[in-house]
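We number each residue from 1, following the sequence as shown.
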Amino acid sequence: MAILGNPFFMFVCIGLFNVQSVASNAADTINPSQPLGNDSTLVSQGGSFELGFFSTPGNSWKHYLGIWYKNIPSRTVVWVANRENPINDTSGVLMINSTGSLVLLSGTNNTVVWTASSWKAADQQNRVVAQLLDSGNFVLRDEKDSDPGSYLWQSFDYPTDTLLPGMKVGRDLRIGLNRRLKSWKNSDDPSPGELTYDIELHNFPEPSMWKGNTKYYRTGPWNGLRFSGAPELRPNPLYRFNFSQSQEEIFYAYQLRNKSVITRLVLNETSYSLQRYTWIEVDQTWEEYLSAPRDHCDNYGLCGAHGICVISESPVCQCLKGFAPKSAERWNIMDWSLGCVRNKPLNCHKDGFVKFGGLKLPETSQTWVNATMNLKECRAKCLANCSCTAYTNSDIRGGGSGCVMWFGDLIDIRLLPAGGPDLYIRMPASELGANQRSKIKTAAITVAVTGIVSVLLIVTYCIRRSKRSLRGNNKDKVHIVEVQGEHLELPLFKLSIIVDVTNNFSSHNKLGEGGFGPVYKGTLLNGQEIAVKRLSVCSSQGLSEFKNEVIVIAKLQHRNLVRLLGCCIQGEERMLIYEYMPNKSLDSFIFDQTRSRQLDWSTRFHIICGIARGLLYLHQDSRLRIIHRDLKASNVLLDDEMNPKISDFGLAKIFDHEQNEAKTRRVVGTYGYMAPEYAVDGLYSIKSDVFSFGVLLLEIISGKRSRGFNHSSHSLNLIGHAWKLWNEGKPFDLIDALYLELFPLSEVLRCIHIGLLCVQQHSKDRPNMSFVLLMLGSDDDSIMPQPKQPAFFIGRNPLEEADTSQKKSSSNEITITLLEAR
């Protein structure tokens with residue numbers, strides 16, 4: 001594309017004639033005698049796309065030439081010509097000039113705003129036409145050229161923020177063309193923003209996302225089937241993915257298998273992510289079903305050199321086996337930027353390799369690739385080079401082929417829950433020898449112990465059989481329990497044992513009570529402490545919750561979710577047995593004047609991050625997609641190390657991973673935490689959980705309840721109070737005075753900011769939990785958009801006014817059910 005101000009084009013355009021006649025309807029094509037004016041458009045032959053002049057709602061006086069979907073009600077622009085040079089009136093004209101170039105003119109003096117010319121010449125320039133194709137590609141072509149793919153210029157070579165099916169991201173090495181995505185600055189300004197997505201030309205190339213000059217995210221290199229860090233790119237009935245590397249071109253593209261699907265890939269400045277959307281005709285809306293970065297572990301280089309990010313762990317960063325933190329002090333405060341160093345130095349030809357499986361491969365800037373080698377040859381090549389630190393196959397298809405070797409530090413590795421390629425990392429012989437000795441020792445011990453174990457098993461069997469006859473067993477073997485058609489493997493506890501360990505459900509053992517029923521503490525024969533959640537006999541809602549909770553939580557396992565140990569179903573009794581949390585619930589700390597002093601800021605921040613990781617697991621990383629629907633302080637339990645555990649899944653809903661939203665006539669949850677679209681219209685989604693998380697975040701920071709919040713100078717609730725302080729430039733006035741002198745300003749301010757982003761009025765404006773975790777773990781505040789008006793910020797609900805004088809405990813917190821009027 002020619003650059004604005006090029007003397008050649010200025011010379012051509014200064015002498016242009018004034019356009020006296022502009023076509024009112026030019027179908028899908030314009031030619032030198034038929035320009036396109038501000039009041040006209042081109043429509044592709046199949047009616048899929050439209051090209052013309054547009055303006056944005058916030059900048060209605062600025063006019064751009066762009067392409068958008070023709071038959072989608074809300075205009076969705078996919079390409080902009082003059083994104084850096086808007087026309088400030090309605091005088092714009094697009095034409096083909098005498099040299100066969102596309103020229104966009106403004107004003108009566110024909111000022112050149114934008115130009116596009118071919119890098120190859122047509123035989124006779126007066127035969128050049130510009131046509132909008134049904135793929136969304138706007139092309140300049142020789143009218144007499146019979147080759148349908150032979151274009152003099154095409155908009156697909158110059159994408160803006162959107163990648164359509166058939167478009168390429170990457171490099172044309174013949175002419176030095178870099179096809180890359182560049183985000184809009186904001187929804188009202190299509191000029192280039194900070195985010196860029198393109199392919200880095202290493203020996204082992206890979207797409208990366210940049211925020212300004214800082215690498216922000218990378219997909220991992222192509223392994224023959226998909227990018228190593230993008231396991232979601234699997235064969236499917238909708239899309240076909242392609243990565244091509246040759247001496248002429250390196251690019252990534254995708255094609256549609258089903259031509260009736262409308263989809264786009266967008267680089268979004270607001271959420272700092274690359275998002276794939278599909279148009280849902282029934283709902284008349286764009287549905288997001290893929291977003292990258294997905295979670296905190298996708299943050300480039302988060303764990304430093306030789307660190308590995310494991311999203312299900314807390315903290316998420318760990319050192320690879322054979323490595324230790326370079327700075328234990330900084331590592332312990334979750335500053336992982338210095339990464340890890342080897343426990344023992346390498347010794348070149350005496351080294352070996354350790355296999356690490358299921359990884360996103362490291363950053364590829366220092367790699368060497370040979371496509372013809374096998375893995376054995378690759379190992380020998382790497383071993384012979386003292387600078388080689390790791391190797392693997394470059395292509396995993398057909399059992400693996402090709403060789404890629406890394407030199408220097410290994411950066412930006414993550415463990416992929418869905419599995420990934422193997423990586424062989426160089427290790428010193430001393431550690432390999434220890435590993436071999438350990439294996440031999442383990443084998444010897446195994447043989448020696450087998451006989452002893454056999455004897456012990458017989459003795460144990462006899463003892464347990466004797467105990468059963470006297471007192472019953474702690475729990476029966478794992479049984480297949482059928483609940484609402486679901487077959488679940490769960491340990492079944494005998495009622496007699498539960499009665500025994502809770503002292504016959506003594507009031508002294510009672511921990512609390514909710515809508516489900518009472519909860520009791522017990523201690524099993526092996527000394528394990530448990531919490532017994534007993535369904536109240538008179539609770540019809542509790543029976544439904546019981547069934548739902550068994551179905552949901554039996555399938556989940558995460559360190560920030562409470563663990564279900566089993567259940568008791570005997571006669572009329574229905575009980576759930578959980579691990580016991582000695583520090584009880586979060587609300588017993590943050591809303592208590594005495595116990596809240598035990599929560600300094602670092603502990604509160606640790607709790608906030610743990611809750612966020614648990615929610616992310618529910619929404620994205622588990623094999624189910626779970627909407628909790630009742631996240632609140634009393635449903636977050638704390639273990640003996642103050643690790644948070646999300647509990648109470650009685651109201652949770654299971655979604656398919658493709659499902660984003662559902663509607664119910666039975667609105668259930670806790671007032672003060674419910675998102676507005678759920679409370680009013682019964683619409684719930686992962687964004688309604690995000691709203692609840694935002695409220696909880698503000699409660700943890702302030703030490704005040706959202707429900708029943710009272711302030712002497714106004715009638716706003718907690719959300720409104722936080723929003724008021726934010727706009728007045730006094731956000732720190734929100735902080736709990738009990739730790740006022742002991743907090744890092746930037747970190748607390750970031751959390752207030754995140755809280756307000758989570759409670760925004762419209763669900764589409766709220767971040768997802770992967771972006772929340774990214775913001776929590778980043779010290780770069782520029783990635784965070786400014787919050788918009790929150791929900792319910794004007795004043796307290798009358799239900800709150802009636803109860804501001806009475807302090808509520810977790811056991812009597814109001815959970816409401818709203819039935820839609822028929």
Side-chain angles (χ1 to χ4, degrees), residues 1-4 6 8-9 12 26-36 41-52 65-70 77-83 94-104 114-160 162-182 198-199 242 244 246-256 259 264:
M1 184 182 294
I3 300 174
L4 184 65
N6 186 311
F8 170 73
F9 286 105
V12 169
D28 65 343
T29 305
I30 63 172
N31 56 50
S33 63
Q34 192 177 32
L36 185 77
T41 63
L42 302 182
V43 178
S44 62
Q45 189 173 20
S48 297
F49 289 93
E50 187 170 17
L51 178 145
L65 178 71
I67 299 172
W68 54 88
Y69 291 96
K70 171 64 176 175
V77 178
V78 298
W79 181 80
V80 185
N82 58 321
R83 62 188 307 193
L94 177 69
M95 63 179 297
I96 299 173
N97 67 12
S98 59
T99 66
S101 298
L102 272 172
V103 181
L104 181 60
W114 172 85
T115 60
S117 61
S118 172
W119 58 275
K120 56 183 179 180
D123 294 337
Q124 297 178 9
Q125 296 290 0
N126 62 355
R127 297 187 306 185
V128 170
V129 296
Q131 184 178 16
L132 178 61
L133 306 181
D134 219 38
S135 61
N137 195 9
F138 185 45
V139 302
L140 194 65
R141 63 179 179 83
D142 189 329
E143 192 176 23
K144 303 299 183 182
D145 195 333
S146 58
D147 184 356
S150 179
Y151 305 130
L152 304 174
W153 175 91
Q154 59 178 337
S155 64
F156 270 19
D157 281 339
Y158 304 93
T160 51
T162 301
L163 189 71
L164 296 173
M167 290 180 72
K168 299 175 181 179
V169 170
R171 312 289 181 101
D172 187 326
L173 303 176
R174 297 164 297 180
I175 59 174
L177 177 66
N178 184 10
R179 307 180 187 97
R180 60 179 184 173
L181 301 184
K182 192 79 173 175
D198 65 359
I199 292 179
N242 179 36
S244 179
S246 67
Q247 293 184 345
E248 294 184 345
E249 276 190 300
I250 298 175
F251 68 86
Y252 163 73
Y254 70 99
Q255 301 284 350
L256 286 174
K259 300 299 183 181
R264 59 195 174 101

If you define the side chain from C-beta out and look only at heavy atoms, does anything of [X] sit under 4.5 Å from [Y]?
X	Y	answer
L51	L36	yes
Y69	S48	no
L181	D198	no
R264	T162	yes
D157	Y151	no
D142	V128	no
L163	F156	no
V103	I96	no

Looking only at heavy atoms, which two atoms of [X] and [Y] are closest? And how far apart?
X	Y	value
V77	W68	CA-CB, 3.9 Å
A130	F138	CB-CZ, 3.7 Å
S150	R141	O-CB, 4.2 Å
L140	G100	CD2-O, 3.3 Å
I30	L102	CD1-CD2, 4.3 Å

Side chain [X], main chain [Y], donor-acceptor under 3.5 Å:
X	Y	result
D134	G46	yes
N31	R127	no
N97	S101	yes
S155	N137	no

How long is the straight-line distance from [atom2] of [Y] back to [atom1] of [X], given to the nearest 0.5 Å?
X	Y	atom1	atom2	result
I250	K168	CD1	NZ	12.5 Å
S135	L164	OG	CG	8.0 Å
W114	L65	CH2	CG	6.5 Å
L42	I67	CG	CD1	9.0 Å
N178	R171	CG	CZ	4.0 Å

Could you tell me how the ring of W153 sits relative to the ring of Y158: parallel (under 30°), tilted (30 to 60°) or perpendicular (over 60°)?
->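 The arrangement is parallel - the two ring planes meet at less than 30°.
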In sequence, state the C-alpha distance, the side-chain angles, and the governing distance for Q247 and L173, and then conclude on side chain to side chain contact (heavy atoms under 4.5 Å, CB included).
-> CA-CA 7 Å; Q247 293 184 345; L173 303 176; 5.8 Å; no
Pair K70 + E50: basic N to acidic O under 4.0 Å = yes
Would you mind checking if E249 and R179 are paired as a salt bridge, meaning a charged N to carboxylate O distance below 4.0 Å?
->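 Salt bridge: yes.
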Please assess F49 against D28 for the test side chain to side chain contact (heavy atoms under 4.5 Å, CB included), listing each intermediate value before the final yes or no.
-> CA-CA 10 Å; F49 289 93; D28 65 343; over 6 Å; no
Got more than 12 heavy atoms from elsewhere within 6.0 Å of CD, Q255?
-> yes
